[in-house]
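Below is one structure, written out as structure tokens; comments come after it.
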Protein chains: 2
Amino acid sequence: MLKEERQRAILNEVALHNRVLLTDIAEALDVSIDTVRRDVKELDAEQKLRKVHGGAISLGFTNQSIRNTNIYALEEKMKIAEKAVKLLKEGGVIFIDGGTTCLELARALPENVRLTCFTLSLPVAFELLAKPNVEVIFIGGQLSRDAQIAIGAHAIHGLSEIRVDYSFIGTGYVDSLYGLTEFDWDIVQLKKAVIKAAKKTVLLCISEKLNSQHRYKTCDINAINTMITELDPTNNLLNLFRDHDLRLL
Amino acid sequence: MLKEERQRAILNEVALHNRVLLTDIAEALDVSIDTVRRDVKELDAEQKLRKVHGGAISLGFTNQSIRNTNIYALEEKMKIAEKAVKLLKEGGVIFIDGGTTCLELARALPENVRLTCFTLSLPVAFELLAKPNVEVIFIGGQLSRDAQIAIGAHAIHGLSEIRVDYSFIGTGYVDSLYGLTEFDWDIVQLKKAVIKAAKKTVLLCISEKLNSQHRYKTCDINAINTMITELDPTNNLLNLFRDHDLRLL
DNA sequence: TTAAAAAATGCATAAAACAGCAATTTAAAC
DNA sequence: GTTTAAATTGCTGTTTTATGCATTTTTTAA
């Protein structure tokens, strides 16, 4: 078997499965592991793939790490934000939650609509300040280092004093049966207060999170009035949510 | 399973839900907890996520450094911040005002001193969150678009409920005779509340602002306990301030 | 304060990488 | 066609890396 042929087979495998084990290739092509190792070493030098301990992975696989500086699933989240914007009315009073999806909503707010906007999230507040027609009110409290939002009793009390038309919230996990759940107990308390403070609650959620659960429960799925995903509302993935008294967008 | 695959799976989970438990990952990927721990440790070293006790969390949005590169008189302000830091005591409770000088103080806070820190300023809050040993409490309220601080009745009321060891404040104008003055009436009300909430008030002020006035008065110069400029305390420019009951640094 | 969970540490094992060598193949020159 | 040099390949022993386990230390929560 020619070297060329072998290397093409390796690249093919990597393109197909994003990964390959040296031992597998060696067995499949019936050559010694050293040969495969040398091949992969060459291909790595040629930037055709990335050699790792025990095998090789596709370049696309690694390049995704650059996306880390950006927002995960940005496309989807922008799509969700676009849909959410349509719910807004001139002069409305809304709450925008923390998290990257809600941050996208803050970015996507139209410049020409006058709004009053409450938030607990530092990054969201920043974004909102860039909107000339939005009055921003930050609900104070102790700040969570990782989530960059106000948490704790003070924040919850602050929420108890407001009543907004719409709360746009995110969630860690959502399931048609178990409802909205979170990893963090403090966050659950906060989200409960957010839902209480809203006439209508809108859940912004990428489809990847559907049908996942964690330990603490925020609310049942029917506490949500509208759920927005990046999917078309008729998509089959949403079937489980269709029974509930829930508007899908 | 290749190490890289595992690490990608971890990053993916973190990107999706902002946090993971090491035990969950170990179970899901069917490897020992030690392996997951080592993976997370590596990813943390690579700044791909943040390792915390029991799991890992996403870096959040902090990476979009809001660092304003063009701060006026940065050198001087950093010098002031350095001096201000010397006043801090372990376990102290302080307030940090808005403005670029105070922002430099927030940046200059030592990592190893445990502090509780109140602020009204969005940028200051962001900086403080980068300090592992600082508990940050944001005093909420309506946000001022240009100053990026909380203003208004709610913020003032929030200030009335706290009492800190030190308030570090800036000012628009300062004069040995007329005291601290501002262009903006709302800001004056706020600063008054800040001074009231502090046992001791420290004014951070570049020398360029000395002997300037404006229309609304925050307080007399002797309401200030310590004034820090970038100058040597013996500098002649400070002579006019030497008569007052005012510590110069 | 105590008890439980998690992290760190050291160690053992197995797999993988590497370096050097020898055998084989290929290419090129005469 | 023969010879020589270069490249390729597989093998051997050594080094490095990855992983899991046991033990100790630290952290967290009750």
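Note on naming: letters A, B, ... go to the chains in the order of the sequence lines (proteins, then strands), and numbering restarts at 1 for each one.
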Problem set entry | Between D:dA18 (P) and B:Asp39 (CG): distance, integer Å | 10 Å

For this session: Measure from CG on B:Leu2 to C1' on D:dT19 and round the result to the nearest Å.
Result: 14 Å

Problem set entry | A:Leu22, nearest nucleotide to its side chain (from D:dG10, C:dA17, D:dA18) | C:dA17

For this session: Just call it for B:Ile33: base, sugar-phosphate, or nothing, with non-hydrogen atoms closer than 4.0 Å on any strand.
Result: nothing

For this session: Measure from the side-chain N and O atoms of B:Thr119 to the backbone N and O of B:Ile96, and report whether any donor-acceptor pair falls under 3.5 Å.
Result: yes

Exercise. Between the side chain of A:Arg6 and the main-chain N/O of A:Ile25, is any donor-acceptor distance below 3.5 Å?
Worked result: no

For this session: Indicate, with a heavy-atom threshold strictly under 4.0 Å, whether B:Val52 touches base, sugar-phosphate, or nothing.
Result: sugar-phosphate

Exercise. Would you say C:dA8 has OP1 or OP2 under 4.0 Å from some side-chain N or O of B:Lys51?
Worked result: yes

Problem set entry | Options D:dT19, D:dT27, D:dG10, nucleotide nearest the side-chain atoms of B:Arg6 | D:dT19

Exercise. Whole Å only: how far is the CD atom of B:Glu27 from the P atom of C:dA6?
Worked result: 13 Å

For this session: In whole angstrom, give the distance that lies between atom CG of A:Leu21 and atom P of D:dA18.
Result: 15 Å

For this session: State whether the distance check finds a donor on one side and an acceptor on the other, under 3.5 Å, for side chain A:Arg38 versus base D:dG10.
Result: yes

Exercise. Between atom NZ in A:Lys3 and atom C1' in C:dT24, what is the gap in whole Å?
Worked result: 16 Å

For this session: Step through the shown structure and confirm whether more than 12 heavy atoms of other residues, nucleotides or ligands are within 6.0 Å of CD on B:Glu46.
Result: yes

Exercise. Once you round it to whole Å, what is the distance between P of D:dT26 and NE2 of B:His53?
Worked result: 13 Å

For this session: Report, as yes or no, whether the 6.0 Å neighbourhood of atom CD on B:Glu27 holds more than 12 heavy atoms from other residues, nucleotides or ligands.
Result: no

For this session: Measure from the side chain of A:Asp34, starting at C-beta and using heavy atoms only, and say which of D:dT12, C:dA16, D:dC21 lies closest.
Result: D:dT12

For this session: Starting at atom CG of B:Asp24, determine the distance to atom P of C:dA5, rounded to an integer number of angstrom.
Result: 15 Å

Exercise. Given D:dT28, C:dC18, D:dG10, which nucleotide is nearest the side-chain atoms of A:Lys41?
Worked result: C:dC18

For this session: For this output row, return yes or no: ring centroids of A:Tyr216 and A:Phe183 closer than 6.0 angstrom.
Result: no

For this session: Taking only the side-chain heavy atoms of B:Arg37 (C-beta and beyond), determine which of C:dA8, C:dA16, D:dG10 contains the nearest atom.
Result: C:dA8

Exercise. When the distance from CE of B:Met1 to P of C:dA15 is rounded to whole Å, what number comes out?
Worked result: 19 Å

